[in-house]
Amino acid sequence: MNNTNDITASFGTLYHPKSALVFYEAKGENTDVYVEHFDMDKNGSPINAHPLTEREANALAKSLQTEKNKDKAFLKSNGILPTNILHINPNTDKGAVLWYTKTQRRQLYFVSGLEIPSGMVYVPPMIWYANKNSLSVFALVSDRRPTEKTALYFTPFFNIYEDGKVCMGSVNINIKNSASVEEFMGAWEDYFFNSYFSHLLGSNSPIKGNCVNLWKDLIGTGKPFPKEVLKKNNKTLKNLL
């Protein structure tokens, strides 16, 4: 996907300098350490130098512990585990989530060269499989919770390889180690649907028929997605586990 809508304003936090620590160490055999604390003014310049107090040291220790715990929070739930999750590997480095979404109405974006207007449209039920760096998607023909034997279908979208992997193009993927499983899934769905679809990948159409004409016929009409156009890809959900 070559073009994206800038959604960075909807997530992330801007941090401003509040204080600074300077560590002094004695030379020679006596290597005592002295720590000085500085407040920061509105321009980010250090002011009000004073020895680090016990209260400030405790606050710093608590902050460092919180940051340490964030790495342990990767793919943990914010509460009760969402019912659309099918499998989780919470490993910080190799973590991945497998989930599904039911039929839904989404905003889709297309490059001008396809001559498909961007707009709201119903999309079929989907299987999502993602780690920190990549996403694969597949279509389903039913809103029912899938099982290992559930057949997978090619998704009727552009920018997707035949194996289901999504070509993200220039999209800047930024999944944090502290992301909860809800944040993780939401981020990937936003990355996918907020990017511009631009071209088909592979030698065959992902649907029975013309993909461009399909979306031209559906965009902005409120018509249900015609699941009969979906093509099986000879995989089941078990192949993803």
Side-chain angles (χ1 to χ4, degrees), residues 1-8 10-13 66-102 104 106 108-109 123-140 145-202 206 232-241:
M1 298 183 181
N2 297 323
N3 301 303
T4 63
N5 290 323
D6 185 4
I7 62 171
T8 56
S10 64
F11 58 89
T13 304
T66 300
E67 289 300 314
K68 180 180 179 181
N69 289 338
K70 279 185 177 181
D71 285 344
K72 297 179 181 179
F74 185 56
L75 299 186
K76 303 296 184 188
S77 176
N78 288 328
I80 297 176
L81 199 65
T83 57
N84 63 325
I85 293 176
L86 302 171
H87 180 76
I88 300 178
N89 175 0
N91 183 283
T92 303
D93 297 319
K94 300 180 180 179
V97 182
L98 178 67
W99 74 99
Y100 78 102
T101 50
K102 297 180 180 181
Q104 57 182 323
R106 297 294 303 229
L108 298 187
Y109 300 92
V123 299
M126 292 173 61
I127 287 287
W128 305 71
Y129 183 68
N131 57 33
K132 281 184 182 178
N133 304 306
S134 66
L135 170 69
S136 296
V137 291
F138 304 89
L140 300 169
R145 182 180 178 86
T147 68
E148 289 186 353
K149 296 181 180 179
T150 298
L152 302 182
Y153 293 74
F154 294 105
T155 46
F157 301 107
F158 302 85
N159 307 85
I160 300 174
Y161 294 100
E162 292 183 0
D163 63 358
K165 191 169 184 178
V166 180
C167 173
M168 299 305 296
S170 59
V171 177
N172 181 28
I173 306 301
N174 182 24
I175 303 294
K176 295 180 172 58
N177 287 345
S178 59
S180 68
V181 67
E182 293 89 350
E183 292 169 336
F184 181 90
M185 296 189 303
W188 273 117
E189 291 181 27
D190 284 343
Y191 285 137
F192 182 77
F193 285 120
N194 285 291
S195 298
Y196 279 80
F197 293 107
S198 59
H199 60 288
L200 290 174
L201 299 173
K232 282 188 177 181
N233 68 359
N234 299 319
K235 289 183 179 180
T236 65
L237 185 62
K238 187 175 182 179
N239 295 120
L240 304 181
L241 297 174

Donor-acceptor pair, side chain of Gln104 and main chain of Pro125, under 3.5 angstrom: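 The answer is no, because no donor-acceptor pair under 3.5 Å joins these two groups.
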Whether Asn194 side chain and Asp190 backbone form a donor-acceptor pair below 3.5 Å: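 Yes: the side chain of Asn194 pairs with the backbone of Asp190.
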How many angstroms lie between atom [atom1] of [X] and atom [atom2] of [Y], to the nearest 0.5 angstrom?
X      : Y      : atom1 : atom2 : result
Leu98  : Leu86  : CG    : CG    : 4.5 Å
Tyr100 : Met185 : OH    : CE    : 11.0 Å
Leu135 : Ile173 : CG    : CD1   : 8.0 Å
Leu200 : Tyr161 : CG    : OH    : 12.5 Å
Thr101 : Arg106 : OG1   : CZ    : 8.5 Å
Asn89  : Phe74  : CG    : CZ    : 9.0 Å

What are the two closest non-hydrogen atoms of [X] and [Y], and how far apart are they?
X      : Y      : answer
Gly202 : Glu162 : CA-OE2, 3.8 Å
Ile175 : Lys132 : CG1-O, 3.6 Å
Phe197 : Phe158 : CD2-O, 3.4 Å
Phe138 : Asp163 : CZ-O, 3.5 Å
Met168 : Ser195 : CE-OG, 4.4 Å
Lys149 : Thr236 : O-CG2, 3.9 Å

Pairwise side-chain contact, [X] with [Y], heavy-atom cut-off 4.5 Å (strictly under):
X      : Y      : value
Tyr191 : Asn174 : yes
Val137 : Ile127 : no
Val97  : His87  : no
Ser180 : Ser77  : no

Glu183 versus Trp188, side-chain donor and acceptor atoms under 3.5 Å: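 Looking only at side-chain atoms, Glu183 and Trp188 do not form any donor-acceptor pair under 3.5 Å.
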Matching residue for Phe192 among Val171, Ile160, Asn159 - test: side-chain contact (heavy atoms from CB on, under 4.5 Å):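 Exactly one pass, corresponding to Ile160.
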Worked verdict on Lys76 versus Val181 for side-chain contact (heavy atoms from CB on, under 4.5 Å): CA-CA 6 Å; Lys76 303 296 184 188; Val181 67; over 6 Å; no
Geometric cation-pi criterion, Lys176 with Phe184: 6.0 Å, 45°: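 Relative to the ring axis of Phe184, which defines the angle, Lys176 lies outside at least one limit.
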Thr155 and Val166: CA distance, side-chain angles, deciding distance, side-chain contact (heavy atoms from CB on, under 4.5 Å) verdict: CA-CA 10 Å; Thr155 46; Val166 180; over 6 Å; no
Heavy-atom neighbours of Tyr129 OH exceed 12 at 6.0 Å: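 No.
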Criterion side-chain contact (heavy atoms from CB on, under 4.5 Å) on Ser136 and Lys165, from CA distance to verdict: CA-CA 4 Å; Ser136 296; Lys165 191 169 184 178; 4.0 Å; yes
Between Tyr109 and Phe193, ring centroids under 6.0 Å: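 No - the distance between ring centres of Tyr109 and Phe193 does not fall below the 6.0 Å cut-off.
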Met126 and Trp99: CA distance, side-chain angles, deciding distance, side-chain contact (heavy atoms from CB on, under 4.5 Å) verdict: CA-CA 8 Å; Met126 292 173 61; Trp99 74 99; over 6 Å; no
